[in-house]
Amino acid sequence: MDLLHKVLDQEAHLSPSELSGLYEYDIFTLGDVANALRTKLYGKKVFFNNNRHINPSNICADVCKFCAFSASRKNPNPYSMSIDEILSQAHTAYNNGAKELHIVSSHNPNYTYEWYFELFREVKKALPQVHLKALTAAEVDYLDRISNKGYQKVLEDMLEAGVDSMPGGGAEIFDEGVRKYICRGKVSSKRWLEIHSYWHTLGKMSNATMLFGHIESREHRIDHMLRLRDTQSKNGKAERKEGGFNAFIPLLYQRQNNFLKVQAFPSGQEVLKTISIARILLHNIPHIKAYWATLGLNMAIVAQDFGADDMDGTIQHESIQSAAGAKSKSGLSKQELISQIKDAGFRAIERDSLYNELVEC
Ligand code: V47
């Protein structure tokens, strides 16, 4: 049996090194298989949501080489928003149609532990109908470190303060060697996975990202996906929406204004293969998100033919990837997203944050 069929059979236990052989298939072979899997699940539907990213501060205690967002000598414009300023942005977002607020920040030593939970309570009080997706596992780990409460207590406090789901940030690449080089001192891979697992046992959903296209190898990407798949199979009940990973999001590395010296960048073919392989390997994570902010709108739409089923959303405002060169600073209008999805021959489905279908546009 050839490798692709062995993988589809789901019987054989193959190592990341063996599975990196999947990249040797041409994009059409991988794309056909991935597209058949996504079509079986969702037909011609492409999901998106109406969301807004809010990044309260860029002053960070950690130094990740790939990050152009945090205030540094390459980006010397530190800012910290107050709760009132964040609430004002949240209201504007809501008035512009946002149904989800995605609130993630730097690890700002000037914000106290209590500040975060007051923020979430205030946002929820002001806009109870809006889904609050907040705090990456890296931030949860940081809050544990400054409070000594244990990550479990941080997650329980998030739940109590009204956080609805967790975003997938901070995962970067799980391989410890690469991680040490690109984001030394940040949450460990093991802890990132433990934090999401515990959140899942509380009955809540989260996403998982992978930062790729920098110094990692194909094998590292596969290893990353397998660690997510194993975690999901241990405790994820994503299909019943009772705790688990909802979406896998491969984030394509953006190269400007940061300290990571990368010599070679992946081709479009390599990017599409990565998305197809994600769909093929991650059979227990329901959604593969082609995040247009890092892929670019054109590639994100093409990715829908290569296994992805989601585009993320309108975003309205984005500071992390746009600091590194992505064209996502002001988001995208809902109309533009819909017209791109339809022009590509798909059905545009506006979803909520948990992938319940709201309306076909
Ligand atoms: O973890 C930082 C990444 C992430 C760069 O859960 C970069 O729905 C590319 O996690 N090039 C934060 N990426 C964003 C994130 C996210 C985005 C959209 C949707 C969801 C979701 C989550 O941004 C960080 C890091 O991996 N990042 N710098 C860069 N130069």
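In listed order, ligands and their atoms are each counted from 1. Please read these numbers as outputs of a predicted model, since none were measured by experiment. Residue numbers run from 1 in the order of the sequence given.
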Work out which heavy atom in V163 is nearest to a heavy atom in W199; give both atom names and the distance. O-CH2, 3.9 Å
Could you check ligand 1 for N or O atoms lying under 3.5 Å from protein N or O atoms and list the pairs with distances?
residue  : atom   : partner : partner atom : Å
ligand 1 : 1 (O)  : G170    : N            : 2.7
ligand 1 : 1 (O)  : E172    : OE2          : 3.2
ligand 1 : 6 (O)  : G168    : N            : 2.8
ligand 1 : 6 (O)  : N207    : ND2          : 3.2
ligand 1 : 8 (O)  : K133    : NZ           : 2.7
ligand 1 : 8 (O)  : N207    : ND2          : 3.0
ligand 1 : 8 (O)  : K289    : NZ           : 2.8
ligand 1 : 10 (O) : G169    : N            : 3.3
ligand 1 : 11 (N) : Q254    : N            : 2.8
ligand 1 : 13 (N) : Q321    : NE2          : 3.2
ligand 1 : 23 (O) : Q321    : NE2          : 2.9
ligand 1 : 26 (O) : E172    : OE1          : 2.4
ligand 1 : 30 (N) : F66     : O            : 3.0
ligand 1 : 30 (N) : Q254    : O            : 2.9

Atom pair CD1 (I277) and CZ (F306), whose distance is rounded to the nearest 0.5 Å: 12.5 Å
Applying salt bridge (charged side-chain N to carboxylate O under 4.0 Å, His left out), name anything that partners E357, two or more places apart in sequence or on another chain. K45
Under the side chain to side chain contact (heavy atoms under 4.5 Å, CB included) test against I195, which residue among D144, L135, T136, V140 passes? V140
How are the rings of Y111 and W115 set to each other: parallel, tilted or perpendicular (split at 30° and 60°)? parallel
With no hydrogens and no angle check, just 3.5 Å: does a side-chain donor-acceptor pair link H53 and S319? no
